[in-house]
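Just the heavy atoms: all of them, side chains too, but no hydrogens, waters or symmetry mates, feed the values below. Bear in mind that the values here come from a model prediction, so they are computed numbers and not experimental data.
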Amino acid sequence: LTKDNLYVHGWHATDYAIGKPYSYILVLDALNNRELARFSFNRQTRLDVLNAYPDVFNAQESGFNLNIPISSNMKGKIVRIVSRYSDAPNGNGNTSDYFFTRNSVTIK
């Protein structure tokens, strides 16, 4: 977290990603789960995840690494991150979400 950006990185591998080629990171208000921002991205190679979970559908291409600009609607909020796979280009439709609950952060 910097003054202007929220840096998020990690991975999300799941068999529920089958048929869901679009990847998103969502920034939610941790108090009410209201979506504050949404970013599409291309997954990154994570050989460590593949080695740990070789039988999971997308383990090799499960990584993410984003610098998210802090917008005015995020300021003063406790936010949490959600990784999403979707079958729709806009990130809605049929989805598979993972809520990173341990890493909530307050945006000042």
Side-chain angles (χ1 to χ4, degrees):
L1 177 65
T2 67
K3 178 182 171 194
D4 300 318
N5 292 292
L6 176 63
Y7 175 63
V8 296
H9 61 97
W11 58 273
H12 172 201
T14 177
D15 289 331
Y16 295 111
I18 294 171
K20 298 174 180 81
Y22 304 101
S23 294
Y24 281 85
I25 289 293
L26 309 178
V27 180
L28 301 183
D29 183 324
L31 299 178
N32 60 19
N33 285 330
R34 190 176 128 250
E35 185 176 321
L36 301 173
R38 177 182 299 210
F39 299 90
S40 67
F41 67 98
N42 295 318
R43 297 275 171 178
Q44 297 177 333
T45 300
R46 289 289 302 256
L47 296 179
D48 58 329
V49 179
L50 175 64
N51 289 334
Y53 302 100
D55 296 330
V56 176
F57 165 70
N58 67 332
Q60 182 171 333
E61 298 300 321
S62 62
F64 58 89
N65 185 349
L66 289 90
N67 265 314
I68 296 173
I70 295 174
S71 59
S72 61
N73 68 331
M74 292 182 203
K75 293 187 178 181
K77 306 262 186 343
I78 300 170
V79 300
R80 67 180 179 162
I81 301 302
V82 176
S83 172
R84 170 172 286 177
Y85 290 97
S86 177
D87 66 352
N90 66 0
N92 296 325
N94 294 312
T95 62
S96 176
D97 293 344
Y98 183 81
F99 289 74
F100 294 91
T101 57
R102 291 182 36 216
N103 296 325
S104 296
V105 64
T106 302
I107 307 293
K108 297 184 182 213

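- In this structure, the side chain to side chain contact (heavy atoms under 4.5 Å, CB included) partners of Gln44, at least two apart in sequence or on a different chain, are Asn65.
- Checked against side chain to side chain contact (heavy atoms under 4.5 Å, CB included), Ala52 has no partners two or more places apart in sequence or in another chain.
- With sequence neighbours left out, the side chain to side chain donor-acceptor pair (under 3.5 Å) criterion links Gln60 to no other residue.
- The stretch residues 66-78 participates, sequence neighbours left out, in these side-chain hydrogen bond (donor to acceptor under 3.5 Å, both in side chains) pairs: Ser71-Asn73.
- Asn5 contributes no side-chain N or O that, together with a main-chain N or O of Tyr7, makes up a donor-acceptor pair within less than 3.5 Å.
- Considering only residues two or more places apart in sequence or on other chains, Ala30 meets the side chain to side chain contact (heavy atoms under 4.5 Å, CB included) condition with Ile78, Arg80, Ser104.
- Within a 6.0 Å sphere centred on CG of Asn42, other residues, nucleotides and ligands contribute 12 heavy atoms or fewer.
- With sequence neighbours excluded, the residues forming a salt bridge (charged side-chain N to carboxylate O under 4.0 Å, His left out) with Asp48 are Arg46, listed by chain and number.
- Every residue two or more places apart in sequence or in another chain was checked for a ring pair (Phe, Tyr, Trp, His ring centres under 6.0 Å) with Phe39, and none qualifies.
- Contacts of Tyr24 classified as ring pair (Phe, Tyr, Trp, His ring centres under 6.0 Å), with partners at least two apart in sequence or in another chain: none.
- Note: Phe41 CZ to Ser23 OG = 4.5 Å, rounded to the nearest 0.5 Å.
- Residues that satisfy the salt bridge (charged side-chain N to carboxylate O under 4.0 Å, His left out) test with Arg43, not counting sequence neighbours, are absent from this structure.
- With sequence neighbours left out, the side chain to side chain donor-acceptor pair (under 3.5 Å) criterion links Asp87 to Asn94.
- Under the 3.5 Å distance criterion, the side-chain polar atoms of Asn58 are left unmatched by any main-chain donor or acceptor of Ala13.
- Asp29 pairs with exactly one of Ile107, Leu36, Val79 by the side-chain contact (heavy atoms from CB on, under 4.5 Å) rule, that one being Leu36.
- Residues satisfying the ring pair (Phe, Tyr, Trp, His ring centres under 6.0 Å) test with Phe64, not counting sequence neighbours, are Phe100.
- Through direct or indirect side-chain contacts shorter than 4.5 Å among Ile, Leu, Val, Met, Phe, Trp and Tyr, Val49 is connected to Trp11, Tyr53, Val56.
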